[in-house]
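What follows is a short report on a single structure.
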Amino acid sequence: MDINLLLALFAGALLVFASFSTVLQRASLPGPLLCLAFGALIGPHALGLLRMEDFGIPEGTLLEQAARITLAVGLAGVALRLPHGYWRDNARWIVVIIGAGMALMLVVATGVLWWGLGVPFLIALLVGAIITPTDPVVTTPIVTGSMAEEKVTERVRHNLSAESGINDGLGYLFVMLPVLLLTAPDRAWYELLTKVLLWEVLAGAVIGAVAGYLLGRLFVLVRKHGLMEESSYLAFIVPLALLLLGTGKLLGTDAILVVFVGVAVFGQVIPQREEAQEDKVHDAVARLFLLPVFLLLGIALPFGEWAALGWIVPLVVAAAVLVRRLVTLWALRPLLKDVHDRSETAFLSWFAPVGVSALFYATLAERHTGHHEIFVYATLAITASVVVHGLTSAPLSAWLQRREPELKEKEEASA
């Protein structure tokens, strides 16, 4: 592979999309959608400029590790966007949408896939678990940037960010259940409750919280004594996320959860002023880490295997992605009516995209089970979500702005 061709294509695409990001976002053409399409264009099914084999790394390994690093950086940005006191003030949303919401989304997605695809139940359960978490990267256009701040209420942006952060980490628990049932059915529940739940998830969360607190105190200390330059904030945050990711994996824990919990605690420990001054810069730099994975995925999309599935399968998979959220949010509406009004509930019931986290869990599950069809169905779900949620981001954000009194007043005041 010519490294110069790779640099020219990837960096050129990112440069163009960044230069016109505001216009493209307001036209419902967000970065993940454009990068996915560009990756497919330069891939083997179109121009043939790049193939996954050209990278010299097994496709599954490359995609899994790229998704893993992308998630770490993306989750760090999500955690730092949440203001001080967020977790205390929004406990009801977190408990309901994570405690009941994830389980209900899993049940609905699994039911749709099992009924519509006619695959074995455990395969449907595994794909359902993979597409259950809300993706923090694909939600970026409606939680950050000028359009989001103008058209989407702050509580919607913060709640969607917090949900996507937590359930990406907890998604590991859901994914490992069918993985263990497929690979070690005789000891699956024992492994799930002891190794996965107690150590990888719960101990991982504790490790992340302790590390985040200690590193937060270190950050405050070195800033107080003038040992860190003002411009060093970003140089601290990105390595922090990667440190937690690597350490969490070395300790055998759910490293994605370690990252989010660690950076969330870190964000609550450091002064609010520091967080507010730098998060826009962090978001801009983070895009350099977040978008390349969609270029890679575009190159890797299995168009031939999709075509062999027929036209029903894409409809079923897309239905699973969309219906899982619609049913869940409206079923939980009685518990959340004091948190979000009907307009916000309608908005949130549509926007629960799948993306990088689904890619990570799909490659992880394929590696553990050897079932390649998991990757085929998961990438179909990711593509459907990136296209549908991407194309509807601007019009539905504008719809929410018209329906929300506080946003209407803000718009009138600025006119």
Side-chain angles (χ1 to χ4, degrees), residues 1-74 76-77 135-138 140-141 144-146 231 234-235 237-239 241-242 245 280-306 353 355-360 362-363 375 379 382-383 385-387 390-391 393:
M1 179 183 65
D2 187 345
I3 188 65
N4 296 305
L5 175 63
L6 176 66
L7 290 174
L9 290 172
F10 275 48
L14 294 177
L15 180 63
V16 171
F17 299 153
S19 300
F20 301 96
S21 58
T22 300
V23 175
L24 292 170
Q25 192 163 301
R26 291 179 180 272
S28 268
L29 295 172
L33 172 58
L34 293 172
C35 286
L36 187 68
F38 185 72
L41 177 66
I42 63 177
H45 298 286
L47 299 180
L49 298 176
L50 287 176
R51 299 174 180 273
M52 293 302 291
E53 296 82 1
D54 297 337
F55 292 92
I57 302 173
E59 178 179 314
T61 301
L62 177 59
L63 289 173
E64 182 179 348
Q65 296 306 317
R68 182 169 164 263
I69 294 171
T70 301
L71 272 180
V73 177
D135 189 71
V137 180
V138 185
T140 299
T144 64
S146 59
S231 59
L234 266 179
I237 299 305
V238 174
L242 299 179
L245 182 71
K280 289 185 181 296
V281 180
H282 178 269
D283 284 343
V285 174
R287 290 191 186 100
L288 296 175
F289 292 88
L290 303 184
L291 294 179
V293 72
F294 288 97
L295 291 168
L296 276 178
L297 178 58
I299 297 171
L301 290 177
F303 288 103
E305 291 168 285
W306 289 353
V356 181
S357 58
L359 176 61
F360 171 66
T363 50
F375 178 79
T379 51
I382 294 167
T383 303
S385 179
V386 169
V387 172
L391 293 177
S393 59

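The shown structure was predicted, so the numbers you read here are calculated from the model rather than taken from an experiment.
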Taking all non-hydrogen atoms of both residues, which atom of [X] and which atom of [Y] are closest, and how far apart?
{"X": "Leu6", "Y": "Leu50", "result": "CD1-CD1, 3.9 Å"}
{"X": "Leu296", "Y": "Ala66", "result": "CD1-CB, 3.9 Å"}
{"X": "Pro44", "Y": "Ile299", "result": "CD-O, 3.5 Å"}
{"X": "Gly355", "Y": "Ile382", "result": "O-CD1, 3.5 Å"}

Between [Y] and [X], is there a side-chain heavy-atom distance shorter than 4.5 Å?
{"X": "Leu71", "Y": "Pro136", "result": "yes"}
{"X": "Leu295", "Y": "Leu36", "result": "no"}
{"X": "Leu297", "Y": "Val293", "result": "no"}
{"X": "Pro30", "Y": "Thr140", "result": "no"}
{"X": "Leu14", "Y": "Cys35", "result": "yes"}

Original post:
What do the steps show when you test Val137 against Ser357 for side-chain contact (heavy atoms from CB on, under 4.5 Å), and what is the final call?
Top reply: CA-CA 9 Å; Val137 180; Ser357 58; over 6 Å; no
Original post:
Run the side-chain contact (heavy atoms from CB on, under 4.5 Å) check on Leu63 and Phe360 step by step: do they pass?
Top reply: CA-CA 7 Å; Leu63 289 173; Phe360 171 66; over 6 Å; no
Taking atom [atom1] of [X] and atom [atom2] of [Y], what is their separation to the nearest 0.5 Å?
{"X": "Thr70", "Y": "Leu290", "atom1": "OG1", "atom2": "CG", "value": "6.5 Å"}
{"X": "Leu9", "Y": "Leu41", "atom1": "CG", "atom2": "CG", "value": "9.5 Å"}
{"X": "Leu242", "Y": "Arg68", "atom1": "CG", "atom2": "CZ", "value": "9.5 Å"}
{"X": "Thr383", "Y": "Phe303", "atom1": "OG1", "atom2": "CZ", "value": "7.0 Å"}

**OP:** Without swapping roles, check the side chain of Asp135 against the backbone of Pro353 for a donor-acceptor pair under 3.5 Å.
**Re:** no
Original post:
Would you say the side-chain atoms of Ser393 pair up with the backbone N or O of Gly390, donor to acceptor, closer than 3.5 Å?
Top reply: yes
Original post:
With sequence neighbours excluded, what pairs up with Arg26 under the salt bridge (charged side-chain N to carboxylate O under 4.0 Å, His left out) test?
Top reply: Glu150
**OP:** Check the pair Leu301, His45 against side-chain contact (heavy atoms from CB on, under 4.5 Å), reporting the backbone distance first and the verdict last.
**Re:** CA-CA 9 Å; Leu301 290 177; His45 298 286; 5.9 Å; no
Subject >> Leu33 vs Phe294, side-chain contact (heavy atoms from CB on, under 4.5 Å): CA-CA, chis, key distance, verdict >> reply: CA-CA 8 Å; Leu33 172 58; Phe294 288 97; over 6 Å; no
Subject >> Contacts of Phe20 that satisfy ring pair (Phe, Tyr, Trp, His ring centres under 6.0 Å) - sequence neighbours left out >> reply: none
